[in-house]
Amino acid sequence: MKEALKLAQIAYDLGEVPVGAIVVNRVNNEIIGRGYNLRETDKNPLAHAEVIAINEASHTLGGWRLINCDIYVTLEPCPMCCGAIINSRLENVIFGAYDKKFGSVKSMQEMFELPYNHKPKAIGGILEEECSAILSSFFRDLRRKK
């Protein structure tokens, strides 16, 4: 999660909502994908940290099935990212801060509990204070600038 937080800081410095994600191959405990939000920079609604990390991990492994892999993300994934997680066959989702507005692992809905073919396991609240703090700081700074 600390690596994901470093990526969230990069997003923050770019003026992006500070969310970072990494995909880890459990076989060798290696980070095979990294991502941070780039929606504003890329002018792309799909440029979420999770999607970018999953894309990089798929390229690293040479396939779309991320078997024996986990994703660590600083903020509870939204519905789009939950769909990408299910479709990529990630096994575990470890996230930091809960997202009461868009979170689709536990907060708004529980997508991984629906009758999809693949059901990732999820653990939330890991380094929650640190993950929440960077988001709070970002939005506080954004309000000050306005």
Side-chain angles (χ1 to χ4, degrees), residues 1-61 66-114 116 118-146:
M1 189 63 74
K2 290 187 184 218
E3 287 300 314
L5 274 164
K6 289 177 188 175
L7 294 168
Q9 185 62 53
I10 294 170
Y12 189 116
D13 294 342
L14 290 171
E16 298 279 354
V17 175
V19 178
I22 60 168
V23 175
V24 176
N25 183 337
R26 282 195 327 277
V27 173
N28 57 13
N29 203 34
E30 179 183 346
I31 296 172
I32 59 170
R34 291 176 171 81
Y36 49 87
N37 275 359
L38 286 170
R39 289 187 309 170
E40 298 297 333
T41 302
D42 290 355
K43 310 221 180 320
N44 181 349
L46 305 177
H48 286 214
E50 299 95 322
V51 172
I52 294 167
I54 289 168
N55 188 50
E56 186 175 298
S58 295
H59 282 67
T60 300
L61 292 181
L66 301 179
I67 307 299
N68 295 317
C69 295
D70 302 328
I71 189 165
Y72 292 76
V73 59
T74 58
L75 182 64
E76 180 181 1
C78 72
M80 177 183 71
C81 292
C82 284
I85 289 164
I86 291 167
N87 279 289
S88 63
R89 308 300 194 264
L90 284 160
E91 294 186 21
N92 296 292
V93 178
I94 301 94
F95 67 90
Y98 287 84
D99 186 347
K100 293 179 175 89
K101 293 183 180 178
F102 292 100
S104 294
V105 177
K106 298 283 182 191
S107 297
M108 290 294 293
Q109 64 176 328
E110 295 183 7
M111 278 187 69
F112 301 153
E113 299 304 317
L114 296 173
Y116 292 111
H118 179 70
K119 294 184 182 298
K121 294 181 184 113
I123 302 167
I126 306 302
L127 296 183
E128 185 175 6
E129 284 185 30
E130 294 92 328
C131 293
S132 294
I134 191 169
L135 287 159
S136 295
S137 178
F138 175 80
F139 287 112
R140 187 174 40 252
D141 289 350
L142 193 61
R143 284 189 297 275
R144 284 184 193 147
K145 288 177 185 174
K146 289 183 178 184

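A quick note: this is a predicted structure, and the numbers were derived from the prediction, not measured.
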Enquirer: Does any pair with a residue in residues 87-101 pass salt bridge (charged side-chain N to carboxylate O under 4.0 Å, His left out), and if so which ones, sequence neighbours excluded?
Expert: Arg26-Glu91
Enquirer: Is it true that atom NE2 of His118 has more than 12 heavy atoms of other residues, nucleotides or ligands lying nearer than 6.0 Å?
Expert: yes
Enquirer: If I take atom CZ from residue Phe112 and atom NZ from residue Lys121, how far apart are they, to the nearest 0.5 angstrom?
Expert: 12.5 Å
Enquirer: Enter the distance from Asp70:CG to Asn29:CG here, rounded to the nearest 0.5 Å.
Expert: 9.5 Å
Enquirer: For Lys119, look at atom NZ and say whether over 12 heavy atoms of other residues, nucleotides or ligands are found less than 6.0 Å away.
Expert: yes
Enquirer: For Thr60 and Glu56, indicate whether the former's side chain and the latter's backbone hold a donor-acceptor pair under 3.5 Å.
Expert: yes
Enquirer: Minimum heavy-atom separation for Ile86 to Tyr116, with atom names?
Expert: CD1-CD1, 3.7 Å
Enquirer: List the atom of Ala11, the atom of Pro18, and the distance in Å for their closest heavy-atom pair.
Expert: CB-CA, 3.9 Å
Enquirer: Atom CG of Leu5 and atom CG of Leu127: how far apart are they, to the nearest 0.5 Å?
Expert: 6.0 Å
Enquirer: When you measure from the side chain of Ser88 to the backbone of Ile85, do you find a donor-acceptor pair of N or O atoms at a distance under 3.5 Å?
Expert: yes
Enquirer: Taking all non-hydrogen atoms of both residues, which atom of Cys82 and which atom of Met111 are closest, and how far apart?
Expert: CB-SD, 3.6 Å
Enquirer: Give me the atom names and distance for the closest heavy-atom approach of Asn25 to Val27.
Expert: OD1-N, 2.9 Å
Enquirer: Hey, which of Lys6, Lys2, Glu3 is the one that makes side chain to side chain contact (heavy atoms under 4.5 Å, CB included) with Ile22?
Expert: Glu3
Enquirer: Ignoring hydrogens and angles, tell me if any N or O in the side chain of Glu76 forms a donor-acceptor pair with the backbone of Lys106 under 3.5 Å.
Expert: yes
Enquirer: Specify the closest pair of heavy atoms between Ala53 and Gly35, including all atoms of both residues, with the distance to one decimal.
Expert: CB-N, 3.7 Å
Enquirer: Can you tell if the side chain of Leu66 reaches within under 4.5 Å of the side chain of Ile71, non-hydrogen atoms only?
Expert: no
Enquirer: Using modelled atom types only, decide if a donor and an acceptor are shared between the side chain of Thr74 and the backbone of Cys131 within a distance under 3.5 Å.
Expert: no
Enquirer: Measuring from Ile67:CD1 to Leu90:CG, what's the distance to the nearest 0.5 Å?
Expert: 8.5 Å
Enquirer: Taking the side chain as every heavy atom from C-beta outward, state whether Glu50 and Cys78 have any atom pair closer than 4.5 Å.
Expert: no
Enquirer: Say you draw a straight line from CG of Leu7 to OH of Tyr72; how long is it, rounded to the nearest 0.5 Å?
Expert: 14.0 Å
Enquirer: What pairs of residues pass the side-chain hydrogen bond (donor to acceptor under 3.5 Å, both in side chains) test when at least one of them lies in residues 35-44, not counting sequence neighbours?
Expert: Glu16-Thr41
Enquirer: Tell me if the OH atom of Tyr98 is crowded by more than 12 foreign heavy atoms within 6.0 Å.
Expert: yes
Enquirer: Would you sort out whether Cys81 and Val73 count as a side chain to side chain contact (heavy atoms under 4.5 Å, CB included), showing the intermediate values?
Expert: CA-CA 11 Å; Cys81 292; Val73 59; over 6 Å; no
Enquirer: Supply the atom-to-atom distance Ser136 OG to Asp141 CG, rounded to the nearest 0.5 angstrom.
Expert: 10.5 Å
Enquirer: Which heavy atom in Ala97 sits nearest to a heavy atom in Ser132, and how many Å separate them?
Expert: CB-OG, 3.4 Å
